[in-house]
Colleague: 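Take this structure, written in structure tokens, and hold onto it; I'll ask about it next.
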Amino acid sequence: VANDPLRSGTGSDYGVVMRVLLFAAAREAVGQAAVDVDVANVAGEVTVAVVRAKLLLQWPSLQRVLAQSRIAVDHRFVSDHEVVSAGQEVAIIPPVAGG
Amino acid sequence: MAHVALHNTPLSLDAVFAQLRHDDAGAVVIMIGCVRNHTRHNDQVVAVAALHYEAYEDMAVQALRTIATTIEQETPGVRMVIEHRFGDLAIGDIAVIVGASSPHRAEAFAATRAAIEELKRSAPIWKRETGDNGVVWVGMGP
């Protein structure tokens, strides 16, 4: 099961892939509303910085928008040092423009 | 008790006012954000034809609730309402309504101003402009 690429991690373990939600310019850069980031071979903890690096490897088209984006985990803005697990809701937040 | 909402249908000023007014509220301040027919790009005024708002709905509602309840807790007597539109909007449509009521006007003005400024910083809502400048996500740098 640990090598099943379709398995999305839940609960306390990292699983194999981490779902990342995309909005606005990030969604358009990839052409889909969410992507699955492969974190199976990450040595040590999966931080937001690791997720950012993996995203760029798998979707180079995200480079421009990701550089300007914040990351939210479970609806909260987090720093690049924050550790994330696959059961959490991770999202790329491009520059916001509400109001 | 704060009230916040996201709608993909037209916002109602009357509904917001009804949420804000009560017998202790000597002042009700309401800020309405409307879709403007122009924007600025590289110091040039550029015509805007239409706007599309996108929201990360769960997080946006949570962000609006945090903004509203934080202000209410910091300023006893203040009641906050924040409603934001998403989807396709035309020029002149209401994009956001932020309101505060309180016994006296100073607190209501301050609360309304604080809420709209924090919304613009932290609510995960995006605006895509269509106009003479093409189609752009507002706020995106080069």
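Heavy atoms only: backbone and side chains are in, while hydrogens, waters and symmetry mates are out. Chain naming here is simple, since letters A, B, ... match the order of the sequence lines and numbering starts at 1 in each.
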Colleague: With a 4.0 Å cut-off on N to O distance, would you call A/Glu89 and A/Arg19 a salt bridge?
Modeller: no
Colleague: Among the options A/Arg70, A/Arg76, A/Arg27, pick out the one with the most heavy-atom pairs lying under 4.5 Å from chain B.
Modeller: A/Arg27
Colleague: With distance as the sole criterion, is a donor-acceptor pair present between the side chains of B/Trp137 and B/Glu129 under 3.5 Å?
Modeller: no
Colleague: Can you tell whether the side chains of B/Arg79 and B/Glu107 come within less than 4.0 Å, N to carboxylate O?
Modeller: no
Colleague: Do the charged groups of A/Glu28 and B/Arg128 touch, with an N to O distance under 4.0 Å?
Modeller: yes
Colleague: Chain A contacts: which residues in residues 61-69 of chain B have a non-hydrogen atom closer than 4.5 Å to it?
Modeller: B/Gln62
Colleague: Atom CD1 of B/Ile82 and atom CG of B/Leu6: how far apart are they, to the nearest 0.5 Å?
Modeller: 10.5 Å
Colleague: Do any pairs count as a ring pair (Phe, Tyr, Trp, His ring centres under 6.0 Å) and have a residue in residues 35-61 of chain B, sequence neighbours left out, and if so which ones?
Modeller: A/Phe23-B/Tyr56, A/His75-B/Tyr56, B/Tyr53-B/His84
Colleague: Tell me, do B/Leu51 and B/Thr130 make a side-chain contact under 4.5 Å, heavy atoms counted?
Modeller: no
Colleague: State whether A/Asp80 and A/Arg52 are salt-bridged, where the test is any N-O pair (Lys NZ or Arg NE/NH1/NH2 against Asp/Glu carboxylate O) under 4.0 Å.
Modeller: yes
Colleague: Of the backbone (N, CA, C, O) and the side chain (C-beta and beyond), which part of B/Arg121 lies under 4.5 Å from a heavy atom of chain A, both, or neither?
Modeller: backbone
Colleague: Taking side chain as everything from C-beta outward and backbone as N, CA, C, O, which of these in B/Ala55 sits under 4.5 Å from a heavy atom of chain A? Side chain, backbone, both or neither.
Modeller: backbone
Colleague: I need the residue from A/Ala67, A/Ala91, A/Ser69, A/Pro95 with the largest number of non-hydrogen atom pairs under 4.5 Å to chain B.
Modeller: A/Pro95
